[in-house]
Structures are given as C-alpha cells and as structure tokens.
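Here is the structure we will look at.
Everything numeric here is computed off the predicted structure, so don't read it as measured data.
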Amino acid sequence: MKLGLQIVDYTVQGGPAHLAQALAEVARTAEAVGFDAIGVADHLWQNPHIGGPEREHLEAYTVLAFLAAHTERIRLMTLATAATFRSPGLLAKTVTTLDVLSGGRAWLGIGAGHYEPEATGLGLFFPPRAERFEILEETIQLCLRMWHGEQGDERPFVGKHVTAQRPLNLPQSLTRPHPPILIAGSGEQKTLRLVARYGNACNLYPMPDIGHKLDVLQRHCEEEGRDYDAIEKTCAFVFDVGKNGEKTGELLGQLDRFAGLGIQTVFGRVEPPYDLASLEILGLDVIPAIAGL
C-alpha cells in the first residue's frame with residue numbers, strides 16, 4: 001500500500017502571504033518522507049465540509065504547477081476535476097503542460113462534478129447530472145485522442161457535447177501512452193463503468209461498502225474486457241496520528257482494513273493541514289509499515 005497526500009485546505013496562520021511557503025514546505029516534506037502522490041481539490045470555492053465558500057481556496061492546476069517546481073519525484077493530480085468546468089481540449093493541454101514541466105508526473109483526476117453552488121456562483125457550466133456524465137465520457141475520449149501518438153490523433157472529434165476540429169497536441173505528454181486517468185466517484189451504474197472502460201485508477205469514498213464497490217468494478221471490467229488488476233484502487237481518508245503519534249496504531253489498523261478490501265493507495269489529509277510533524281510521523285512509522293500490505 002502507498003499513501004498520497006490530499007491538500008484541500010488553504011487557510012494558514014498569517015494569511016495568504018504565508019501560503020506559498022507553507023505549500024512548498026508541505027510538498028517537500030511529503031516527498032522526503034515517502035509519500036507517493038499529492039492530490040489537490042479542484043474547486044474555486046471551499047467545500048462546505050471544510051468551512052464553505054468564505055474560506056480561502058486556490059485554483060488547482062496553478063497549485064499543481066507550483067508544487068511541481070518544489071518536488072522531483074511525487075505524482076501530481078487533482079482529486080478531482082469536474083469535467084464541465086473547463087473546455088476538454090484546454091484540460092488535455094493543461095495536464096500535458098503539467099506532465100512536461102514536472103518531468104512526467106502528471107495524472108488526470110476527473111469526475112462528473114457535484115458542487116453546484118460554486119458553479120452557479122461563478123458562472124461555470126453545470127448541466128443536469130445525466131448530461132454531466134455524458135460530458136465526462138466525451139472529455140476522457142478527447143483527452144485520449146489528444147494523447148495519441150506523437151502529436152495527437154488529428155482527425156475531427158465530434159461528440160454529442162464535445163467537438164474539436166483538430167485535436168493536435170504539441171508538445172506531447174512525456175508519460176506514454178498518456179498521463180494516467182483517475183476517475184473519482186463510487187456510482188455503480190455510471191462512474192465505475194467509466195473506470196472499467198477508461199480508467200487507470202478509481203477513487204472511492206472510505207465507506208463500509210468499499211468491498212462491494214470493488215466487486216461492482218470487477219464485474220464492469222469483465223464486461224468491458226479490461227484487466228481489473230491493472231486498475232489502481234484508491235480511496236480518500238484523514239490521516240490522524242494524534243499530537244505526538246499516539247494514534248498511529250489506530251491509523252495502521254484502518255489502513256490494514258482498506259488493504260484487505262483491495263485498496264492500494266490511500267489519499268489523506270492531515271489535521272491541522274500544514275503540520276509537518278504529522279507528515280514526519282507518517283513517514284517514519286506508517287509508510288514503512290504499510291509497504292508490504
């Protein structure tokens with residue numbers, strides 16, 4: 001099992017003037033202690049579960065580019081981009097740019113989106129749920145078209161919602177055949193079927209039904225002719241080691257349970273979010289202990 005750090009909170013002591021330094025320190029520390037990936041929330045307003053829109057939040061791909069400049073090894077992705085928030089061609093180009101400038105470390109983390117007040121508040125496109133899933137699939141299809149070969153498959157792409165007359169992509173991504181695609185969400189009929197069809201990874205909620213969700217994914221893989229074992233199974237969580245590591249044993253038990261259900265990578269946030277000591281405890285006492293799970 002591997003750990004990924006999830007960055008979702010951009011409120012720091014001293015205010016926004018201190019945020020760049022805090023983010024750089026967190027990213028460097030996470031990489032140094034052995035985290036495998038960093039995932040950042042792709043929102044423009046803060047999630048209601050973490051304080052709501054009156055709390056600070058930064059645009060995700062700008063943050064990822066900043067983190068790329070302060071790290072060397074760690075994978076970089078959003079958890080997860082709403083497919084309707086950006087033009088699909090622009091999204092493919094943005095992830096390609098991150099991949100090139102990070103030396104081949106970018107992933108496309110994507111989903112159908114869910115935070116309607118944020119979208120309507122800022123004038124972003126947010127159609128009904130069924131249409132969002134159609135756009136999600138066509139967005140992935142266009143990204144794959146743009147990542148094909150040396151400069152993209154330049155034949156016109158014409159979908160129900162997404163159109164691109166010349167899917168040229170230069171420079172091409174460094175990661176071949178393309179930046180891995182993580183599809184976030186637990187919906188059994190649509191999301192997990194899209195994972196089976198296109199995904200290199202899934203990202204599930206840490207609910208008691210994870211085992212059932214993975215069984216559903218495996219059935220979809222059989223129907224789609226995909227190798228279930230080739231899909232990385234991830235979930236989101238909170239890494240609570242306590243003030244001085246006194247909860248490390250409890251966390252190890254939780255991670256062991258996830259591993260037993262089939263989860264391979266756990267993305268978690270630490271509380272408080274910029275506590276380097278917690279990251280160091282995770283690197284010293286947790287990451288080596290779970291490496292064999």
Item to check | Check: V8 main-chain N/O paired with Q46 side-chain donor or acceptor under 3.5 Å | outcome: yes
Item to check | Polar contact flag, side-chain donor to acceptor under 3.5 angstrom, D42-T78 | outcome: no
Next on the checklist: Within the 4.5 Å heavy-atom criterion, are V33 and L282 side-chain neighbours or not?
Outcome noted: no
Checklist entry - Hey, mind stepping through E224 and L194 against side-chain contact (heavy atoms from CB on, under 4.5 Å) and telling me if it holds? => result CA-CA 10 Å; E224 296 289 337; L194 291 176; over 6 Å; no
Checklist entry - Does any donor atom in the side chain of D99 or T175 lie under 3.5 Å from an acceptor atom in the other side chain? => result yes
Next on the checklist: Could you report the tightest heavy-atom contact between L255 and V286, atom names first, then the distance?
Outcome noted: CD1-CG1, 3.7 Å
Checklist entry - Would you say I181 and W107 are hydrophobically clustered, going by side-chain heavy atoms of ILVMFWY under 4.5 Å? => result no
Checklist entry - Any side-chain heavy atom of Y274 within less than 4.5 Å of one from L23? => result yes
Checklist entry - Are the side chain of R226 and the backbone N or O of G199 linked by a donor-acceptor pair below 3.5 Å? => result yes
Checklist entry - In Å, rounded to the nearest 0.5 Å, how long is the span from CD of Q172 to CG of L168? => result 9.0 Å
Checklist entry - Is a donor on one side and an acceptor on the other found under 3.5 Å between the side chain of R55 and the backbone of D9? => result no
Next on the checklist: side-chain contact (heavy atoms from CB on, under 4.5 Å), that's the test. Do I290 and L3 meet it? Break it down for me.
Outcome noted: CA-CA 9 Å; I290 64 171; L3 295 189; 3.5 Å; yes
Next on the checklist: When you group the ILVMFWY residues by side-chain heavy-atom contacts below 4.5 Å and let the links chain together, are I281 and I38 in the same group?
Outcome noted: yes
Item to check | Student check: side-chain heavy atoms of Q6 and L79 closer than 4.5 Å | outcome: yes
Checklist entry - Under the 3.5 angstrom rule, does the side chain of T163 hit a backbone N or O of V158 as a donor-acceptor pair? => result no
Checklist entry - Looking only at atom types and distance, does a side-chain atom of Q264 sit under 3.5 Å from a main-chain N or O of K233, one as donor and one as acceptor? => result yes
Checklist outcome for this item: G113 and F126 have their tightest heavy-atom pair at C-CE1, 4.2 Å
Next on the checklist: Looking at every non-hydrogen atom in both residues, tell me the closest pair between V100 and L174 and how far apart they are.
Outcome noted: O-CD1, 3.7 Å
Next on the checklist: One pair to check against side-chain contact (heavy atoms from CB on, under 4.5 Å): L279 and V270. What are the steps and the verdict?
Outcome noted: CA-CA 8 Å; L279 293 178; V270 298; 3.9 Å; yes
Item to check | Short side-chain to backbone donor-acceptor contact, N244 and E246, under 3.5 Å | outcome: no
Next on the checklist: Working note: E134 + R132, criterion salt bridge (Lys or Arg N to Asp or Glu O under 4.0 Å); need CA distance, chi angles, decisive distance, verdict.
Outcome noted: CA-CA 5 Å; E134 292 172 348; R132 296 202 308 276; over 6 Å; no
Next on the checklist: For the residue pair E118 / H43, report whether a side-chain donor-acceptor contact shorter than 3.5 Å exists.
Outcome noted: yes
Item to check | V12 reachable from I7 in the ILVMFWY side-chain graph, under 4.5 Å edges | outcome: yes
Item to check | Same apolar cluster (I L V M F W Y, side chains within < 4.5 Å links), V162/I110 | outcome: no
Next on the checklist: Rounded to the nearest 0.5 Å, what separates atom OG1 in T191 from atom CG in L217?
Outcome noted: 11.0 Å
Item to check | Side-chain H-bond candidate by donor/acceptor type, Q218 with D215, under 3.5 Å | outcome: no
Item to check | Over all atoms of both residues, closest heavy-atom pair of P88 and L142 | outcome: CB-CD2, 3.7 Å
Item to check | Crowding at CD, E25 (>12 non-hydrogen neighbours, <6.0 Å) | outcome: yes
Checklist entry - Does a salt bridge link K213 with E188, judged by any charged N lying under 4.0 Å from a carboxylate O? => result yes
Next on the checklist: According to a hydrophobic-cluster definition based on side-chain heavy atoms being under 4.5 Å apart (Ile, Leu, Val, Met, Phe, Trp, Tyr only), do F239 and L293 belong together?
Outcome noted: yes
Next on the checklist: What I'd like to find out is whether the side chain of M1 reaches to under 4.5 Å of the side chain of V266, using heavy atoms alone.
Outcome noted: yes
Checklist entry - Between R75 and D36, is there a salt bridge with N-O shorter than 4.0 Å? => result yes
Next on the checklist: Does this structure show an ion pair linking R129 with E131, if we count only N-O contacts that are shorter than 4.0 Å?
Outcome noted: no
Item to check | N200 CG to I183 CD1 distance, which is reported to the nearest 0.5 Å | outcome: 8.5 Å
Checklist entry - Is it the case that K2 places NZ or CZ above or below the six-membered ring of F267, under 6.0 angstrom from the centre and within 45 degrees of the axis? => result no
Next on the checklist: Any salt bridge linking E137 with R197? Criterion: basic side-chain nitrogen under 4.0 Å from a carboxylate oxygen.
Outcome noted: yes
Checklist entry - Does a side-chain N-to-carboxylate-O contact under 4.0 Å join D153 and R166? => result no
Checklist entry - Name the one of Q189, E138, K190, R193 that satisfies side-chain contact (heavy atoms from CB on, under 4.5 Å) with F133? => result K190
Next on the checklist: We want to know whether T97 and Y61 form a side-chain donor-acceptor pair, criterion being a heavy-atom distance below 3.5 angstrom.
Outcome noted: no
Next on the checklist: To check you understand the geometry: which heavy-atom pair defines the closest contact between L67 and V40, and what is its length?
Outcome noted: CD1-CG1, 4.1 Å
Checklist entry - Can you check whether T234 reaches L204 side chain to side chain, under 4.5 Å on heavy atoms? => result no
Item to check | Polar side-chain atom of R73 near backbone of A37 as donor-acceptor pair, under 3.5 Å | outcome: no
Checklist outcome for this item: Of all heavy-atom pairs linking C143 and L108, the shortest is SG-CD2, 4.1 Å
Next on the checklist: Surrounding NE2 of H148 (heavy atoms of other residues, nucleotides or ligands, distance under 6.0 Å), is the total greater than 12?
Outcome noted: no
Checklist entry - Do W45 and Y115 come close enough that some side-chain heavy atom pair is under 4.5 Å? => result yes
Item to check | Approximate separation, where rounding is to 0.5 Å, of F66 CZ and L58 CG | outcome: 10.0 Å
Checklist entry - Are E72 and R105 close enough for a salt bridge, meaning some N to O gap below 4.0 Å? => result no
Checklist entry - Are the side chain of T248 and the backbone N or O of G245 linked by a donor-acceptor pair below 3.5 Å? => result yes
Checklist entry - Do Y198 and Q141 have side chains that get closer than 4.5 Å, going by heavy atoms? => result yes
Item to check | Side-chain heavy atoms of T96 within contact of P179, under 4.5 Å | outcome: no
Checklist entry - To the nearest 0.5 Å, how far apart are CG in L91 and CD1 in I140? => result 10.0 Å
Next on the checklist: I want to know whether F237 and F258 have ring centres closer than 6.0 Å.
Outcome noted: yes
Item to check | Separation between NE2 of H57 and CG of L44, rounded to the nearest 0.5 Å | outcome: 8.0 Å
